[in-house]
Amino acid sequence: NILGNQISNDLGMCSGGNVGKITLKVEEPEKGDEFSVGETINLEVEVENENEDEIDFVVEVSLVDIKNNLTVESVESEVIEIEDKDSETFELELDIPDDVEEENGHKLVIKAYEDGHEKSNCADARLDVKIERENEAVIIDQIRITPSSVVCSEFVSAEVEIENVGIEDFESVIIEF
């Protein structure tokens, strides 16, 4: 599931560095927070427009594999108009893929910029995060139940695909409905 987008040493930061009258503050998560493979990272990013005009802003967040210098996953916000001398909090969710190599080290790269004019207003930040794989963890990839509709006293069949995303190998797994 790795996106495979090679990124330069600036790790997806603003292409021209921090420019313009914009302030970015990452409220959630905090530096050093720990997450598990398959977990969703809830992000809160406050963007302050210090310009004299209202401006449309976008926030991008990338999960970066430090060892391989790759973007593993990314998410982009909706465009939000921020009045002059005002701020807005962007809320985003980034899912950690199941195939993340936790030993490679990871950073969140957060970038807020003026929609369509990144070189005019752009601010960015990096945030170290720790991603761990639980010892014993499985996820349900897919469930197929047939027939799709039944009446009382009829039998149904379920086919379940599961994936071991933990460290330990399992000989058997019991799934209860």
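Using a 4.5 Å heavy-atom cutoff, the side chains of L24 and N18 are not in contact. Using a 4.5 Å heavy-atom threshold, the side chains of N42 and E28 count as separate. Looking at heavy atoms from C-beta onward, L43 lies in side-chain contact with I41 at the 4.5 angstrom threshold. Between E103 and K67 there is no side-chain heavy-atom pair separated by less than 4.5 Å. Using a 4.5 Å heavy-atom threshold, the side chains of I131 and V37 count as touching. The side-chain heavy atoms of I55 and S120, taken from C-beta on, include no pair separated by under 4.5 Å.
Taking 4.0 Å as the cut-off between side-chain N and carboxylate O, E52 and K85 count as a salt-bridged pair.
The nearest pair of heavy atoms linking F57 to I22 is CE2-CD1, 3.3 Å. Nearest heavy atoms, P147 versus F155: CD-O, 3.9 Å. Counting all heavy atoms, side chain and backbone alike, G38 lies closest to D98 at CA-OD1, 3.5 Å. Across I82 and V47, no two heavy atoms sit closer than the pair CD1-O, 3.6 Å. Across all their heavy atoms, N68 and D65 have their closest contact at N-OD1, 2.9 Å. Among all heavy-atom pairs drawn from L94 and E73, the shortest one is CD1-O, 4.0 Å.
Side chains of N51 and N49: a donor on one and an acceptor on the other come within 3.5 Å. Side-chain atoms of S74 and E60 form no donor-acceptor pair, as typed in the model, at a separation below 3.5 Å. For the residue pair S87 and E46, a side-chain donor N or O sits within less than 3.5 Å of a side-chain acceptor on the partner.
A donor-acceptor pair is defined here as one N or O able to donate and one able to accept, closer than 3.5 Å; such a pair exists between the side chain of S77 and the backbone of V59. Panel note: side chain K107, backbone L127; no donor-acceptor pair is recorded below 3.5 Å. Under a 3.5 Å cut-off, the side chain of E118 and the backbone N or O of S15 do form a donor-acceptor pair. Here the side chain of N121 pairs a donor or acceptor atom with the backbone of K21 at under 3.5 angstrom. Counting only distance, with no hydrogens or angles, the side chain of D124 and the backbone of C14 share a donor-acceptor pair below 3.5 Å.
Distance CE/M13 to CD1/I110: 8.0 Å, rounded to 0.5 Å. In this structure, the separation between OG on S157 and CZ on R144 is 10.0 Å, given to the nearest 0.5 Å. Summarising the geometry, atom CD belonging to E78 is positioned 9.5 Å from atom CG belonging to L92; distances are rounded to the nearest 0.5 Å. Of the inter-residue distances, the one linking K130 atom NZ with E102 atom CD reads 9.0 Å to the nearest 0.5 angstrom. The CG atom of L108 sits 6.0 Å away from the CG atom of L63 when rounded to the nearest 0.5 Å. The CZ atom of R126 lies 12.0 Å from the OG atom of S62; values are rounded to the nearest 0.5 Å.
Heavy-atom contacts from other residues, nucleotides or ligands closer than 6.0 Å to CD of E154 number more than 12.
Applying the 4.5 Å side-chain rule to ILVMFWY residues, one finds V79, Y113 in the same cluster as V58.
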Discussion item. Does T89 form a side-chain contact (heavy atoms from CB on, under 4.5 Å) with V45? I'd like the steps, not just the answer.
Written reply: CA-CA 5 Å; T89 299; V45 180; over 6 Å; no
